[in-house]
Number of protein chains: 2
Amino acid sequence: MNAVAAENQGEQSSRERILDAAEGLFARRGYAGVGLRELADLVGLGKSSLFHHFESKPQLYAAVCTRILARIAARVDESLARGGAPMERLERVVDDLLDLLAAQPSDARILLRSLFEDDELAGETREEREGRELTAHIMASISALLREGMEVGQFRSVHVPGLLLSLIGQTVFPFASGEFGQEILGKDPFDPAEVKRRKRETRDLLRHGLLAPAGR
Amino acid sequence: MNAVAAENQGEQSSRERILDAAEGLFARRGYAGVGLRELADLVGLGKSSLFHHFESKPQLYAAVCTRILARIAARVDESLARGGAPMERLERVVDDLLDLLAAQPSDARILLRSLFEDDELAGETREEREGRELTAHIMASISALLREGMEVGQFRSVHVPGLLLSLIGQTVFPFASGEFGQEILGKDPFDPAEVKRRKRETRDLLRHGLLAPAGR
DNA sequence: CCGGCGACCGACCGATCGGTCGCCTCCCGT
DNA sequence: ACGGGAGGCGACCGATCGGTCGGTCGCCGG
């Protein structure tokens, strides 16, 4: 009955290969800019074979987004679970997030793109609802962390939702900026040295901007 | 004749109306997601009439982007020209930029989108080159301001290109985040009160994160 | 009164879009 | 030995894509 159960284990199956290729294409050209024939050619399948694994193009796109969100949610949960003071946890989760975005070059673009395009995804697919729930979970986790830091006095008083939006833009955008970012930086934003520098920069900004004066 | 409407801002004519409508559509659905027939219907023209004003779809898209960049470049130049200490100028230019993004709801999305999609704009149109020059001018102006602030000792030592990318993401993204941002904030990101709050937040982040310890 | 011109239009073009259909092939449980 | 289902294929569908073409209309200078 359930196709997932049949071919579950760590295979490099067609479904995964389709998702990988689709992720790269959607990141570069956006939802409407990707044709299924092109995707099928890239994977090495006939176009009609795609429909054996996904109902429709919107559902495929939702699957791509959900997979990314699941990766991120898992990493955030893992980072936060390792304990420590609020600032220690916050720095760790941001650090791990930067690592993940750097390791998956398509993720940042797809994440931002999906926020711009979701206006018209009217579907009530299970996949889309799962994506929204994952998003909500991630946001709630980090919000709770920020509030906790304020309550114990480690963070200065800030507007949590506003800071959350700023933080997302500041961390995700550089990895999505493509040629533009490369031109400004003078080097590839995904270069390991640059990623390391960006981690340092983000950490410094957090400490200067968020730490309460007394907490030093 | 009705001179007021006709020469209000140079032209209120078809060309401007096409650009206005195209800006909204591109912002919501992306370059590939907008059909010229749909655009023509929205403006109230026949599709073929669009080609009397623009050579092709890519050229139309470039014109939309260039118009936005020109608006921003003009505002930045104006803000910087009014003088003052580096931090005073920086806060003013960011403030004005937030005002502009808030007043033109499509701008933030198109700006970010254009960065994601420019990989395949292979054209060497005059319009595109103008857009790149405007971008370079804006970036160079703000970079120079940051460097000046560091040289006179008002800013702490930072990696200018890195901070530039962070700053763009942090300021532009919230206005492009659409429903997502609205859900997180609990209110419209373009609401005047929220814009005011965001200005305050950005200013505080700049002061905490950029100002040299001695300068406070 | 006329000739030219810019704005505009509907009809049309080949290509491509997302999606369907029927058929084949291989594997696997019985 | 064989039935069936999953995975894959190419041909095909109506719709829509960006773009072209020939022509109409109204205005404006001579």
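Chain identifiers are assigned alphabetically (A, B, ...) following the order of the sequence lines, protein sequences preceding nucleic acid strands; residue numbering begins at 1 within each chain.
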Nearest-angstrom distance from the residue atom CG of A:Leu36 to C1' of D:dC9: 16 Å

So does B:Asp99 pair up with B:Lys199, basic N to acidic O under 4.0 Å? yes

Scanning both residues in full, the closest heavy-atom pair of B:Thr171 with B:Leu167 reads OG1-O, 2.6 Å

If you compare every side-chain N and O of A:Ser14 against the phosphate oxygens of D:dG7 (OP1, OP2), does one of them come in below 4.0 Å? no

Taking the inter-plane angle between the rings of A:Phe26 and A:Tyr31 on a 0 to 90° scale, is it parallel (under 30°), tilted (30 to 60°) or perpendicular (over 60°)? parallel

Euclidean distance, atom CD of residue A:Gln59 to atom C1' of C:dG18 [Å, nearest integer]: 14 Å

Tell me: CG of B:Leu39 to C1' of D:dC17, nearest whole Å? 14 Å

In a check of salt bridge (charged side-chain N to carboxylate O under 4.0 Å, His left out) between A:Asp107 and each of A:Arg113, A:Arg71, A:Arg75, A:Arg67, which one passes? A:Arg71

Using whole Å, what does the distance between atom P of nucleotide D:dC17 and atom CZ of B:Phe51 come to? 12 Å

A:Ser49 side-chain N/O to D:dG7 phosphate OP1/OP2 under 4.0 Å: no

Any donor-acceptor pair under 3.5 Å between the side chain of B:Lys47 and the base of C:dG10? no

Are A:Arg129 and A:Glu133 ion-paired here, with the side-chain N under 4.0 Å from a carboxylate O? yes

With distance as the sole criterion, do the side chain of A:Lys57 and the base of C:dG19 form a donor-acceptor contact below 3.5 Å? no

Pick base, sugar-phosphate or nothing for A:Val43, based on heavy-atom distances below 4.0 Å to the nucleic acid. nothing

Integer-rounded Å distance: D:dG7 P and A:Glu16 CD: 13 Å

Look at A:His53 and D:dA6 and indicate whether a side-chain polar atom (N or O) is within less than 4.0 Å of OP1 or OP2. no

Integer-rounded Å distance: C:dC8 C1' and B:Phe54 CZ: 15 Å

Between P on C:dG19 and OH on A:Tyr61, what's the gap in Å once rounded to a whole number? 15 Å

Base C:dG10 to side chain B:Ser48, donor-acceptor N/O within 3.5 Å cut-off: yes

Let me know the distance between CD1 of B:Ile18 and P of C:dG6, rounded to the nearest Å. 17 Å

Between B:His52 and B:Arg37, which has a closest nucleotide on DNA chain D that is more 5'? B:Arg37

